[in-house]
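Below is one structure, written out as structure tokens; the observations come after it.
Remember, predicted model here, so these are calculated numbers, not experimental data.
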Amino acid sequence: MPAPISEEQNRRDREVLLDAAEGLFYEHGIRAVGMDAVRAGAGLPLKRIYRFFPAKEELLVEVLRRRDRRWRGDLAEHVGREDDPRARVAAVFDWLAEWFTRPGFRGCAWINAFGEMGTASEAVLAEVRAHKEAFRAQVEGWVRDAGGGREEADAVFLLAEGAIVTAGISGGPAPARRARAAAERLLQTR
């Protein structure tokens, strides 16, 4: 009889699984990646994978949740390096520009998930909406600190979202730079 699996091994295997699924879903698309590809990428038996996540949808939701924590955390860390509130808003776009140039950049994981899953999965839709609302709230906080109100915060958020979608299609940092300039002009009028 095999030895029981430790909590530490469970934690490591779960992280390996999430890493593999995230990479595959982001690079190839959700529908294009079957669970056999996830199994091969994670090096775990399917039976073990399904113990962690009984359905692919549940795996995808956790991938998106984990990516959200990391993505928004990295953004907040970058923005937090700036002392001046207006520089913090500009730093959002600087961070986006850097992200757009990373190898393998394929746009917004949440927009991609929504594009593939649409309203077919309430759980995925809820996770996409939660991410977008949390990102909007982050942006609103930085814009308010810079003297802007809700209207300016919504505009800056839309500039950031537009830059992300545009860069996902066209590639390169130019959309973030153009959006940064527009956000700076918007906040100068305050």
Side-chain angles (χ1 to χ4, degrees), residues 22-23 25-27 29-31 57 60-190:
E22 181 177 350
F25 292 159
Y26 189 67
E27 182 178 350
I30 299 155
R31 293 188 188 269
E57 177 186 57
L60 174 59
V61 166
E62 185 56 29
V63 161
L64 292 172
R65 280 185 187 143
R66 189 178 75 142
R67 187 176 180 109
D68 170 72
R69 288 187 299 268
R70 186 180 61 245
W71 190 90
R72 288 187 314 102
D74 290 350
L75 173 61
E77 180 183 331
H78 179 83
V79 169
R81 293 180 194 144
E82 297 293 338
D83 292 330
D84 178 66
R86 287 188 185 200
R88 284 188 208 118
V89 174
V92 170
F93 297 97
D94 296 340
W95 185 84
L96 290 175
E98 187 276 322
W99 176 43
F100 299 165
T101 63
R102 290 182 195 160
F105 173 75
R106 288 195 64 250
C108 176
W110 298 272
I111 295 290
N112 296 348
F114 178 76
E116 284 197 61
M117 305 300 285
T119 57
S121 168
E122 286 297 320
V124 172
L125 179 59
E127 197 56 40
V128 169
R129 286 179 173 160
H131 164 75
K132 292 303 178 186
E133 180 54 33
F135 176 44
R136 193 203 60 72
Q138 274 184 303
V139 169
E140 182 175 4
W142 294 318
V143 170
R144 284 188 188 277
D145 290 347
R150 176 76 185 236
E151 187 175 314
E152 290 82 11
D154 286 345
V156 171
F157 170 71
L158 290 173
L159 286 167
E161 284 293 322
I164 293 168
V165 171
T166 302
I169 295 166
S170 65
R177 292 185 183 130
R178 288 191 300 272
R180 181 187 200 267
E184 286 176 323
R185 284 191 302 274
L186 179 73
L187 291 176
Q188 284 174 354
T189 64
R190 292 295 293 161

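- The aromatic rings of W110 and H131 sit parallel to each other, their planes meeting at less than 30°, with 60° as the upper class boundary.
- Here the closest heavy-atom approach between residue P175 and residue S170 is recorded as CG-OG, 4.1 Å.
- No donor-acceptor pair under 3.5 Å is formed between the side chain of E82 and the backbone N or O of A91.
- Using a 4.5 Å heavy-atom cutoff, the side chains of L159 and F93 are in contact.
- Of the possible donor and acceptor atoms, one in the side chain of T101 sits under 3.5 Å from a partner among the backbone N and O of E98.
- By the 6.0 Å contact criterion, CZ on F114 is open, its count of non-hydrogen atoms from other residues, nucleotides or ligands being 12 or less.
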- Task: For the pair Y26 and V63, evaluate side-chain contact (heavy atoms from CB on, under 4.5 Å) and give the outcome as yes or no after the intermediate values.
- Result: CA-CA 10 Å; Y26 189 67; V63 161; over 6 Å; no

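- Inter-residue side-chain proximity for C108 and K132 is flagged as met; some heavy-atom pair is nearer than 4.5 Å.
- Side-chain contact between M117 and L60 is present, with at least one heavy-atom pair separated by less than 4.5 Å.
- Between E184 and R86, none of the side-chain N atoms (NZ, or NE/NH1/NH2) sits under 4.0 Å from a carboxylate O, so this pair counts as no salt bridge.
- Between I111 and I164 the shortest side-chain heavy-atom distance does not fall below 4.5 Å.
- Across V139 and A153, no two heavy atoms sit closer than the pair CG1-O, 3.9 Å.
- Separating the CZ atom in F100 from the CZ atom in R102 is a distance of 10.5 Å, to the nearest 0.5 Å.
- Across G172 and A167, no two heavy atoms sit closer than the pair O-CB, 3.8 Å.
- Taking all atoms of both residues into account, the shortest heavy-atom contact from L125 to T119 is CD2-CG2, 4.1 Å.
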- Going through the distances and angles, do W95 and D74 end up as a side-chain contact (heavy atoms from CB on, under 4.5 Å)? CA-CA 9 Å; W95 185 84; D74 290 350; 3.9 Å; yes

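- Heavy-atom neighbours of E151 CD from other residues, nucleotides or ligands within 6.0 Å: at or below the threshold of 12.
- The heavy-atom pair separating V92 from L75 by the smallest distance is CA-CD1, 4.0 Å.
- Looking at E127, its side chain never comes within 3.5 Å of a backbone N or O of L64 through a donor-acceptor pair.
- Of all non-hydrogen atoms in L187 and G148, the two that sit nearest each other are CD2-CA, 4.4 Å.
- In this structure, the separation between CD on E22 and CZ on R67 is 4.5 Å, given to the nearest 0.5 Å.
- A salt bridge links R69 with E62; the closest basic N to acidic carboxylate O contact falls under 4.0 Å.
- Applying the ring-ring contact (aromatic ring centres under 6.0 Å, His included) criterion to F157, with sequence neighbours excluded, gives F135.
- Here the side chain of E116 pairs a donor or acceptor atom with the backbone of R31 at under 3.5 angstrom.
- Using a cut-off of 4.0 Å between Lys/Arg side-chain N and Asp/Glu carboxylate O, D154 and R150 are scored as salt-bridged.
- Note on R136 versus E161: no salt bridge recorded, every NZ/NE/NH1/NH2 to OD/OE distance being 4.0 Å or above.
- Of the possible polar contacts, one joining the R88 side chain to the D83 backbone as a donor-acceptor pair under 3.5 Å is found.
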